[in-house]
Amino acid sequence: MTVTPRLAASERRAALIDAALRVFAAGSYSGATTADIARAAGVSEPILYRHFASKRDLYFACIEETWAQLREAVEELVAQEDPSEWPLAVGKAVRGLRERCLPTHIWIQALSEAGEDPEVRRFLRRHFRDVHGFFADLLRRAQAAGGIPAERDPDAEAWIGLGIGLLRSVQDRLGGVVAEEDFAAISESRRAWLGGV
């Protein structure tokens with residue numbers, strides 16, 4: 001085990017989440033152990049348990065962290081772009097975060113865990129409602145700024161966007177499901193529809 005320097009509690013927590021994301025992304029929630037995560041973080045398991053009561057709590061923190069990173073990237077794009085581009089900010093942000101563990105990837109993984117774990121199911125239901133709420137609010141803001149037509153339904157469009165993101169994640173994991181040119185066509189179709197063309 002490599003010993004890491006003493007960090008402030010918030011920094012240690014962030015380092016543990018980062019290490020756990022790497023471990024979960026390389027395998028699965030079920031297959032990862034707290035010993036694997038502690039080793040990846042360069043700490044002992046007791047230190048890990050000082051910050052997280054369980055592997056599940058750490059997993060939930062990982063899901064929240066990837067989502068926070070995506071939200072922040074989306075808001076940065078929205079601050080720079082024309083309101084007509086805001087509905088596509090999520091896809092652009094995802095492409096910009098490709099080197100990290102994306103929330104859509106960990107969501108797909110968590111969905112398989114939800115079948116076996118009622119706490120994961122409860123967490124994901126709440127989490128997906130929050131994600132949907134963010135996307136729907138982004139579309140409402142775009143409507144208010146004149147970026148998309150008022151007759152578009154932000155709630156329905158947010159679910160469609162989330163579905164497309166999950167499809168992209170399935171493609172990333174499996175390959176050969178959807179061709180890249182099909183994703184380009186999907187993006188153009190969504191742009192035209194949301195732009196009122």
Is it true that atom CH2 of W159 has more than 12 heavy atoms of other residues, nucleotides or ligands lying nearer than 6.0 Å?
yes

Should I148 and R140 be marked as a side-chain contact (heavy atoms from CB on, under 4.5 Å) after you check the CA-CA gap, both sets of side-chain angles, and the distance that decides it?
CA-CA 9 Å; I148 61 173; R140 284 185 189 93; over 6 Å; no

With a 3.5 Å distance limit and no angle check, can you tell me whether H127 reaches the backbone of E64 through a side-chain donor-acceptor pair?
no

Interatomic spacing from CD in E119 to CG in D57 - rounded to 0.5 Å
8.0 Å

Distance-only polar pair, side chains of E76 and Q80, donor-acceptor under 3.5 Å:
no

Are any of the side-chain heavy atoms of Q171 and F183 separated by less than 4.5 Å?
yes

When you measure from the side chain of Q143 to the backbone N and O of A150, does any donor-acceptor pair fall under 3.5 Å?
yes

Shortest non-hydrogen contact between L138 and W86, atoms and distance:
CD2-O, 3.6 Å

Have E113 and S30 got a donor and an acceptor in their side chains that come within less than 3.5 Å?
yes

If you draw a 6.0 Å radius around CD in E181, do more than 12 non-hydrogen atoms from other residues or ligands fall strictly inside?
yes

What's the shortest heavy-atom distance between A20 and C62, and which atoms?
CB-SG, 3.6 Å

Please determine if R22 forms a cation-pi arrangement with F24, meaning its NZ or CZ atom is less than 6.0 Å from the six-membered ring centre and no more than 45° off the ring axis.
no

CD on E45 to CG on D36, rounded to 0.5 Å:
8.5 Å

Could you verify whether a donor N or O on one side chain and an acceptor N or O on the other, from S169 and D172, lie under 3.5 Å apart?
no

How long is the span from the CG atom in L58 to the CD1 atom in I37, to the nearest 0.5 Å?
5.0 Å

Test salt bridge (Lys or Arg N to Asp or Glu O under 4.0 Å) on R122 and D117; report intermediate values, then the result.
CA-CA 9 Å; R122 276 190 293 278; D117 188 327; over 6 Å; no

Minimal non-hydrogen separation, L16 against I47, with atom names:
CD1-O, 4.4 Å

Please check if the side chain of D137 supplies one atom and the backbone of F134 the other of a donor-acceptor pair under 3.5 Å.
no

Transitively linked via ILVMFWY side-chain contacts under 4.5 Å: L70 with L88?
no

For L162 and W107, what are the C-alpha separation, side-chain angles and deciding distance, and is it a side-chain contact (heavy atoms from CB on, under 4.5 Å)?
CA-CA 11 Å; L162 185 54; W107 290 339; 3.5 Å; yes

V178, V90: one ILVMFWY side-chain cluster at the under-4.5 Å cut-off?
yes

Give the minimum heavy-atom separation between A61 and I17, together with the two atoms involved.
CB-CD1, 3.9 Å

Between I164 and L139, is there a shared hydrophobic cluster once you connect ILVMFWY residues whose side-chain heavy atoms come closer than 4.5 Å?
no

Are V94 and V74 in one and the same hydrophobic cluster, where Ile, Leu, Val, Met, Phe, Trp and Tyr link if side-chain heavy atoms are under 4.5 Å apart?
yes

Test salt bridge (Lys or Arg N to Asp or Glu O under 4.0 Å) applied to R95 and E180, step by step:
CA-CA 13 Å; R95 286 189 294 279; E180 282 305 312; over 6 Å; no

Test: R141 and E75 ion pair at under 4.0 Å
yes

Nearest heavy-atom pair of A40 and V23: which atoms, and what distance?
CB-CG2, 3.7 Å

d(R121 CZ, L111 CG) to nearest 0.5 Å is 11.5 Å

Nearest heavy-atom contact between Y59 and I106 is OH-O, 3.7 Å

Connected via hydrophobic side-chain network under 4.5 Å: L166 and V120
yes

To the nearest 0.5 angstrom, please state how far the CD1 atom of I186 sits from the CD atom of E188.
11.5 Å

Quick check against the 3.5 Å criterion: does K55 have a side-chain atom that pairs as donor or acceptor with the backbone of A32?
yes

I want to check something: taking the side chain as every heavy atom from C-beta on, are R12 and V43 in contact at a cut-off of under 4.5 Å?
yes

Rounded to the nearest 0.5 angstrom, the CG-CZ distance for L194 and R152 is 7.0 Å

Looking only at the aromatic ring of each residue, does the gap between the centers of W67 and F135 stay below 6.0 angstrom?
yes

